[in-house]
Amino acid sequence: MTIHYQHHGSVVVVTIDNPPVNAMNHAVRQELVDAAARLDTDPSVTAIVLAGAGSVFVGGADITEFDRPVEEPSLPAVITAIETARKPWVAAVQGVALGGGLELILGCHYRLAGPQAHFALPEVGLGIIPGAGGTQRLPRLVGIEAAIGVVAESQTLNAHRAVQLGLVERVVSSNLLAEAIAFAESAATKPLPLTAANRSLATVDSAFWQAAETRIGAKSKGTAAPLLALAALRFGAEHGFAQGITLERATFLRLRATEESAALRYLFFAERAAPRPADLKGIVPRPITTTAVIGGGTMGAGIAAALRNAGLPVVLVERDAESLARGVKTLANIFDAATRKGNLTPEAAAARMAGVVPAVGYADLAVCDLVIEAVFEDITTKRAVFAELAQVCRTDAILATNTSYLNPSEIAAGLPNPARFIGLHFFSPAHVMKLLEIVPIPETAPEVLAASFDLARRLGKVPVRSGICDGFIGNRILRRYRGEAEAMLRGGVSFVQIDAAMRELGYAMGPFEMQDLAGLDISYMMREAARALGENVPETPGDILVRAGRKGQKTGGGWYDYHLGDRKPQPSAETARLIAPLLGPAVEMQAVQITTRLIAAMAVEGQAILSEGVARSAADIDLVEVYGYGFPRRLGGPMFLHGRPPTKKIPKLE
Ligand code: 3HC
Ligand code: NAI
């Protein structure tokens with residue numbers, strides 16, 4: 001049974017109890033419809049309180065059912081059964097009411113909330129719109145403007161805001177259930193109130209809708225659902241509840257069957273699986289309360305900011321006073337920028353900086369639980385740092401490297417207690433990018449690995465475990481992606497066309513623009529180093545550009561030209577002339593052919609990574625691409641896309 005009944009005099013408390021989040025699967029829906037019918041005809045019952053067991057009220061419809069046809073009774077049928085009951089239903093919301101959970105209480109006659117209650121319709125994030133009245137009943141309770149925020153812009157309402165807007169009657173600070181029972185007893189003595197479906201809606205003019213459309217369209221990153229949610233809201237406002245709810249349901253069912261929604265649901269479950277690897281179940285993470293970062297450059301400062309944002313104190317170590325001052329300034333600039341954007345108060349920014357101990361030398365590190373090294377990408381420098389750390393740090397302190405390409409095992413070679421060593425590969429900017437690649441060496445202790453996953457959770461990062469290989473998961477695929485783009489270029493496809501195709505797909509920039517942003521010189525130096533070791537590395541167009549002083553945006557030109565202070569790429573006659581000798585005759589290629597080929601290259605590399613055991617799952621690889629490399633969420637990831645039938649691979653935008 002997923003529903004429990006408790007009788008309190010003539011009031012029955014109906015509790016949805018379907019752990020972990022009381023999702024409304026078929027069993028819950030069936031039992032609720034049965035309950036509504038039975039209680040309505042039971043003469044001993046005068047009112048019903050609807051509650052959720054545990055800390056979540058109802059987390060929505062059961063998303064795992066979305067791959068199958070809807071099984072009756074549908075959620076709209078459940079809600080209609082409650083809404084049309086002859087006895088009052090009072091929702092007592094103690095935790096979050098999301099998606100179908102919010103829609104369920106919109107069908108109740110009254111709503112009370114505990115102080116922890118929150119209300120949201122996260123459907124558009126899953127590529128769908130609310131499918132059980134959310135776009136129709138909510139505006140009739142809270143007004144169109146607030147409803148647009150919740151329905152189409154994923155805003156969450158806390159309990160107090162919900163009262164202000166008229167969504168709930170009142171917040172009950174303690175003993176919600178007892179209050180709800182008393183409320184229900186009293187409600188039973190009065191006529192039923194007007195249901196949400198029967199309430200009128202103030203009209204708004206077309207300019208209002210237009211403005212909302214422009215705002216939401218600009219934010220929706222090519223996904224179809226937010227604008228369709230708005231359209232359903234507008235249609236219901238202009239044509240009435242009955243027509244509105246029909247359109248809403250039809251749109252919901254149509255979107256539920258799209259590849260876009262399948263991709264977003266796949267990511268929803270991938271994101272939840274990633275932080276909890278099965279082999280770490282029951283392993284207690286080694287505690288981390290004090291931290292240090294070695295190196296205050298681009299990455300070190302960003303990592304220190306991420307640690308401070310999570311409330312962890314940080315010792316920031318640099319090699320000399322001048323570098324230290326620069327590192328501290330970089331860190332302060334991060335918090336200043338957050339203050340300017342209104343994301344942090346000046347006091348909070350000052351508190352973040354007050355939790356940083358700047359240091360030259362290692363004396364302050366004896367107390368640290370975790371030290372993250374982010375010095376130059378040079379094995380000798382890194383090994384020297386860890387040799388010093390081994391002298392000063394506690395033997396159980398976790399020692400981590402942020403290396404991008406070096407082998408963490410080689411960095412750790414010869415260190416005492418290698419069980420505490422691990423790779424923690426952050427992405428730039430480290431306080432913003434959500435991905436954290438966790439790279440254990442063979443000796444890493446399980447509680448150190450568990451501590452790294454726990455740290456990711458505290459930093460709000462998506463953790464993905466990677467085995468050791470050149471570039472780990474992400475940079476290895478990046479190399480393959482760039483290689484394929486370059487092969488196309490050499491084959492006569494214009495790099496401008498390649499960039500445009502990837503942007504059209506949903507990337508913020510194409511592979512060549514990305515190189516201009518990051519700088520062409522780093523990979524050039526890596527190729528030169530390999531050549532110096534006698535490796536056969538053929539000349540690339542990038543080599544020619546770097547030798548001509550075109551290292552990217554920082555030198556005013558790379559693949560493209562850049563006007564001073566402007567990041568917009570401009571076509572470059574000089575680049576065309578410089579690279580012409582390496583290119584074949586010009587070839588026209590359609591955008592879809594370009595994107596299919598590049599994604600296939602990523603997926604092939606991903607397959608190799610999987611079969612070598614470097615990644616634990618295809619979903620982990622897709623999380624790396626989405627959270628570290630800007631792969632469009634609506635497409636799920638290269639591994640997801642590659643496994644789909646050819647007709648479905650690149651979903652058309654609606
Ligand atoms: N359906 C199926 N499973 C769900 C689920 C749902 N709606 N919501 C959560 N789960 C599962 C998770 O996959 C996870 O499973 P696992 O333990 O096997 O990995 C487990 O429940 C716990 O989830 P979280 O780890 O996310 O738990 P938290 O306590 O951190 O968060 C939550 C709880 C806030 C409810 C969060 O799970 C959440 O945001 N859930 C999804 C909410 C959502 O998108 N609802 C809308 C659904 S669509 C809908 O309702 C359509 C309607 O309009 C018709
Ligand atoms: P950076 O050159 O900006 O910073 C390195 C810092 O380390 C400098 O400030 C330098 O003074 C300091 N340093 C050097 N030797 C030191 C020592 N012995 N003790 C203390 N400080 C010392 O380099 P960046 O970009 O921050 O990279 C650092 C590490 O992070 C490298 O291993 C790099 O591969 C990795 N990484 C870089 C990414 C990026 O996008 N820049 C992304 C992910 C990882």
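Counting starts at 1 for both ligands and their atoms, in listed order. Residue numbers run from 1 in the order of the sequence given.
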Using protein heavy atoms only, decide if any is under 4.0 Å from [atom].
atom	value
atom 44 (O) of ligand 1	yes
atom 53 (O) of ligand 1	yes
atom 27 (O) of ligand 1	no

Point to revise | 4.0 Å heavy-atom contact, Phe427 with ligand 2 | key: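 Under 4.0 Å: no for Phe427.
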Check your understanding: Does Glu373 have a non-hydrogen atom less than 4.0 Å from ligand 2?
Key ->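 Checking ligand 2 against Glu373, which is what was asked, there is no heavy-atom contact under 4.0 Å.
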Check your understanding: Using heavy atoms and a threshold below 4.0 Å, how should the contact between Thr401 and ligand 2 be classified: side chain, backbone, both, or neither?
Key -> neither
Exercise for review: Name the option, out of Arg326, Met299, Arg319, that contains the heavy atom nearest to atom 20 (C) of ligand 2.
Suggested key: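 Minimum heavy-atom distance to atom 20 (C) of ligand 2 goes to Arg319.
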Practice item. Could you tell me whether some N/O pair between Gly100 and ligand 1 is separated by less than 3.5 angstrom? Key: yes
Can you tell me the protein heavy atom closest to [atom] and the distance?
atom	result
atom 34 (C) of ligand 1	Leu98 CD1, 3.7 Å
atom 15 (O) of ligand 1	Arg276 NH2, 4.4 Å
atom 51 (C) of ligand 1	Glu123 OE2, 3.5 Å

[X] bridged to [Y] by N-O distance under 4.0 Å:
X	Y	result
Arg616	Asp279	yes
Glu259	Arg634	no
Lys554	Asp516	no

Practice item. Between Ala61 and ligand 1, find which residue part has any heavy-atom pair under 4.0 Å and reply side chain, backbone, both or neither. Key: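 It is both backbone and side chain that touch ligand 1.
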Check your understanding: By number and element, which atoms of ligand 1 are closer than 4.0 Å to a non-hydrogen atom of Pro130?
Key ->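 By the 4.0 Å cutoff, the relevant atoms are 53 (O).
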Point to revise | Which of the ligand 1 atoms, numbered from 1, are nearer than 4.0 Å to a heavy atom of Asp62 | key: 1 (N), 2 (C)
**Study point:** Closest non-hydrogen atom pair between Ala310 and Leu459, with its separation
**Key:** CB-CD2, 3.6 Å
Review point. What pair of heavy atoms forms the shortest contact from Arg256 to Arg68, and how long is it?
Key: NH2-O, 2.8 Å
Just distance, no hydrogens or angles: give the donor-acceptor pairs under 3.5 Å from side chains in residues 421-436, sequence neighbours left out.
unit_1: His425; atom_1: ND1; unit_2: Glu437; atom_2: OE1; d: 2.8
unit_1: Lys434; atom_1: NZ; unit_2: Gly460; atom_2: O; d: 3.2

Check your understanding: Can you tell me how far the CD1 atom of Ile438 sits from the NZ atom of Lys461, to the nearest 0.5 Å?
Key ->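 Going from CD1 on Ile438 over to NZ on Lys461, the span is 12.0 Å.
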Check your understanding: Would a distance-only check, ignoring hydrogens and angles, find a side-chain to backbone donor-acceptor pair under 3.5 Å from Arg137 to Leu104?
Key -> no
